[in-house]
2 protein chains.
Amino acid sequence: MELHQLRYFCAVAETGSFSRAAEQSHVAQPSLSQQIIKLEEELGARLFDRLGRSVRLTELGKIFLPRARAVLRELEAAKGDVVERKDFVGGPVTVGVIPTVGPYFLPRVLTSFSRKFPQVRFTVVEEITPVLLDRLRAGAIDVAILALPIRGHEFETKPLLTERLFAALPKNHRLAKRTALSLRDLRSEPFLLLRDGHCFRDTAVAACDRARLHPQVIFESGQFSSLLSMVGAGMGVSIVPEMAVERKSQCRYVHIADEQATRTIGTVVLRGRSLTRAHQAFLSHLHRD
Amino acid sequence: MELHQLRYFCAVAETGSFSRAAEQSHVAQPSLSQQIIKLEEELGARLFDRLGRSVRLTELGKIFLPRARAVLRELEAAKGDVVERKDFVGGPVTVGVIPTVGPYFLPRVLTSFSRKFPQVRFTVVEEITPVLLDRLRAGAIDVAILALPIRGHEFETKPLLTERLFAALPKNHRLAKRTALSLRDLRSEPFLLLRDGHCFRDTAVAACDRARLHPQVIFESGQFSSLLSMVGAGMGVSIVPEMAVERKSQCRYVHIADEQATRTIGTVVLRGRSLTRAHQAFLSHLHRD
DNA sequence: ACGATGGATAGGCATAGCCTATGGAGCTCC
DNA sequence: GGAGCTCCATAGGCTATGCCTATCCATCGT
């Protein structure tokens, strides 16, 4: 049983004539006749009585007609649904973000995007980079925002912004009034850093390495705000990205002028994964500058 | 969009693999791939993400899946409905019958048939022959029971029974004690006959013609029982078919022995019209002897 | 690095649906 | 009542399309 057979059948039922049905269906009358006959053979029953002049549905034909129409109606609904939704910017979007970006960057972007596309429902997952990448692979996350570069060519990355790093110092620190410094200037300071696993810890440590600095870490935490409180209390110094700089904290922030003392944030999606219009719109909203 | 494409799509969605879906669908994997691609092209959107190892539904695929299933479900329902009902003896049957047969013959047949096939719902139309034939042509009547022969080769007729004709005489009539008579014996009698239009009137008149008898008709009616009451009252004589003979009436009935003084009842259906199992069963019930 | 797995691509083939021409039955009109 | 028309069925040929095998290419696991 094929769809065009059902269409022909309905056309004959509607027009009451094979010829008119053929015309309406844009096929030759014999073609339509053949298909109706085939359909009848498959069902094992006549659907029409051919009575010289007129063609009439048999009892079984009358039963079959609404069912055939239902099939075609469902088909149109299926087609229409997809065609309609494929250009619709809406539905669920799950964004993954690393903790050192989440609180500083996402809220602003999400609110401005939601104003433009209120139909899009966001879910935000805040996890460290390797977890986010796993979730991307599994399809649990649509877009991730994290520090580049990352390894794995199954991902498509695109840089969003590169920010400078800052030294967070107690207010009364000897370097607090400087407008810039080098990591080497922090040679003898006790360090407060993020816990292992956070990629910004790696960024900071790598910068230190390049400066031949082996920081003495006296405190570790999972979020900047804890570190900065401790710094404000005079326990030591820390390194933070620009977006984590708190204007009205107890700390002073001095730009670290070392070469490559930066962090690049970018978007990551799974390569080969098809994106909805909502995903695409969100991505281009992020990269809109 | 074709049905096999929907089937393939569902198979891939279920198995999560083109290869397994192809196997399950009994086609080669490339064939299935091609059809999925065609489907995606027609919809203008990817339905699956091909991610090296695994295949996953896209957002649109997830939307499309239940709709595709709905189409296939409707299709199966349509097929099943017809296949189920085509062997089912039930549903409506409309029987047409002429007035001179209706009250004597049908009740007995309908009750015995309904005992066998209680699912069949009967509608009985009692009309004169030309009306019944029109209704047959229009499909408003499925089977007609009337006097043969009829004209028109668009009908299929089959004789049911041939009955003798009887003279209906008042009790004290001079011929009332005879066991048989000839129409010529009624030469001088006043006749009571059915109204024009009733085919049995034609049957009676034709029999009289053959007997060179030109009856003086003093009363006409649409039903035998009226005629027979009048005959019982001594107003004249009449001619009735065997099935109209009333055992406990005021009349005497004497067999008319003339050649061809008979009436043949038969079934009529529209040639080329397909009959349901209920129609077929009813016809063979009628002709069961 | 290698083979195994899984999907896409290429090219050939056969079927199936479409076409035109024609047949045959029924209806209309002169 | 016969000629012509209408309408569905049949016949025969053509083409498109879906299927096949062989092969390619990327990924994944050993």
Side-chain angles (χ1 to χ4, degrees), chain A residues 1-9 11-13 15-42 46-58 61 134 136-138 151-156 270-274, chain B residues 1-9 11-42 46-58 61 133-134 136-138 151-156 270-274:
Chain A
M1 197 180 308
E2 294 302 327
L3 289 172
H4 61 266
Q5 294 172 344
L6 298 184
R7 278 190 265 265
Y8 295 168
F9 167 72
V12 175
T15 62
S17 148
F18 280 54
S19 308
R20 280 194 296 277
E23 196 179 350
Q24 180 182 304
S25 307
H26 306 294
V27 290
Q29 168 266 317
S31 308
L32 186 139
S33 276
Q34 288 170 356
Q35 293 306 312
I36 295 290
I37 290 168
K38 260 193 132 173
L39 180 59
E40 289 177 327
E41 278 171 0
E42 181 174 349
R46 303 234 108 184
L47 294 170
F48 294 105
D49 285 326
R50 285 81 157 170
L51 305 164
R53 174 53 107 218
S54 63
V55 170
R56 268 204 299 267
L57 283 169
T58 62
D134 275 349
L136 273 176
R137 263 189 287 262
R151 311 195 298 122
H153 51 301
E154 71 260 48
F155 299 110
E156 269 174 13
L270 188 58
R271 187 183 301 279
R273 179 145 177 208
S274 86
Chain B
M1 196 178 312
E2 295 301 326
L3 288 171
H4 61 265
Q5 293 172 345
L6 297 183
R7 278 190 265 266
Y8 294 168
F9 167 73
V12 175
E14 280 161 24
T15 62
S17 149
F18 280 54
S19 308
R20 279 195 296 276
E23 196 178 350
Q24 180 184 303
S25 307
H26 307 294
V27 290
Q29 168 265 316
S31 309
L32 187 139
S33 275
Q34 288 169 355
Q35 294 306 312
I36 295 290
I37 290 168
K38 262 194 129 173
L39 179 59
E40 289 177 327
E41 279 171 358
E42 181 174 350
R46 303 233 107 185
L47 294 169
F48 295 105
D49 285 326
R50 285 80 157 169
L51 306 163
R53 178 52 109 211
S54 65
V55 169
R56 268 203 300 265
L57 282 169
T58 61
L133 297 182
D134 274 350
L136 273 176
R137 263 188 286 265
R151 313 196 298 121
H153 50 301
E154 72 259 50
F155 299 111
E156 270 174 11
L270 188 60
R271 188 182 301 279
R273 173 134 188 220
S274 88

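Throughout, protein chains are lettered first and strands after them, A, B, ... in sequence-line order, and every chain is numbered starting at 1.
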task = Provide the full list of side-chain hydrogen bond (donor to acceptor under 3.5 Å, both in side chains) pairs with a residue in residues 22-31 of chain B, sequence neighbours left out, each pair given once.
result = B:Gln29-B:Ser33
inquiry  = Less than 4.0 angstrom between a side-chain N/O of B:Ser33 and OP1 or OP2 of C:dA8, yes or no?
reply    = yes
At a cut-off of 3.5 Å, list every protein nitrogen or oxygen paired with a nitrogen or oxygen from nucleotides 26-30 of chain D, distance to 0.1 Å.
none

request  = Tell me whether the OP1 or OP2 atom of D:dC8 has a side-chain N or O from A:Tyr8 closer than 4.0 Å.
outcome  = no
query = Can you check salt bridge (charged side-chain N to carboxylate O under 4.0 Å, His left out) on B:Asp49 and A:Arg273, steps first, answer last?
reply = CA-CA 5 Å; B:Asp49 285 326; A:Arg273 179 145 177 208; 3.6 Å; yes
query = For DNA chain C, whose closest nucleotide is more 5', that of B:Phe18 or that of A:Pro30?
reply = B:Phe18
Between C1' of D:dC8 and NZ of A:Lys38, the distance in whole Å = 19 Å
request  = Indicate whether OP1 or OP2 belonging to D:dC8 is found under 4.0 Å from a side-chain N or O atom of A:Ser19.
outcome  = yes
inquiry  = Could you tell me how far apart B:Leu39 (CG) and D:dT17 (P) are, to the nearest whole angstrom?
reply    = 16 Å
key: Protein-nucleotide distance (A:Glu40, atom CD; D:dC8, atom C1'), rounded to Å   = 12 Å
task = Round to the nearest Å and state the distance from B:Phe48 atom CZ to C:dA8 atom P.
result = 10 Å
key: Residue pair B:Arg7 / B:Val27, side-chain heavy-atom distance below 4.5 Å   = no
query = What nucleotide, of D:dC8, C:dG17, D:dA11, holds the atom closest to the side chain of A:Glu2?
reply = C:dG17
Residue pair B:Leu270 / B:Phe155: nearest heavy atoms and the distance that separates them = CD1-CE2, 3.9 Å
task = Map A:Arg20 and B:Ala28 onto DNA chain D by nearest heavy atom, then report which one ends up closer to the 5' terminus.
result = A:Arg20
inquiry  = Quick check on the 6.0 Å ring-centre criterion: do B:Tyr8 and B:Phe18 meet it?
reply    = no
query = Atom CZ of B:Arg50 and atom C1' of C:dG7: how far apart are they, to the nearest Å?
reply = 8 Å
message = I'd like to check B:Asp134 versus B:Arg137 (side-chain heavy atoms, cut-off strictly below 4.5 Å). Are they in contact?
response = yes
task = Answer yes or no: is there a side-chain heavy-atom contact under 4.5 Å between B:Thr58 and B:Glu40?
result = no
task = Report which part of the nucleic acid B:Ser17 touches: base, sugar-phosphate, or nothing (heavy-atom distance under 4.0 Å, all strands).
result = sugar-phosphate
request  = Consider the side chain of A:Val27, meaning its heavy atoms from C-beta on, and name the nucleotide among D:dC19, C:dC18, C:dG7 that approaches it most closely.
outcome  = C:dC18
remark   = Taken to the nearest whole Å, CD/A:Gln34 to P/D:dC7 is 19 Å
inquiry  = Quiz question: going by heavy-atom distance under 3.5 Å, is there a donor-acceptor pair between the base of D:dA9 and the side chain of A:Gln29?
reply    = yes
Nucleotide C:dT15, atom P - distance to CD of A:Gln35 in whole Å = 17 Å
key: d(CD1, A:Ile37; C1', D:dC7) in whole Å   = 13 Å
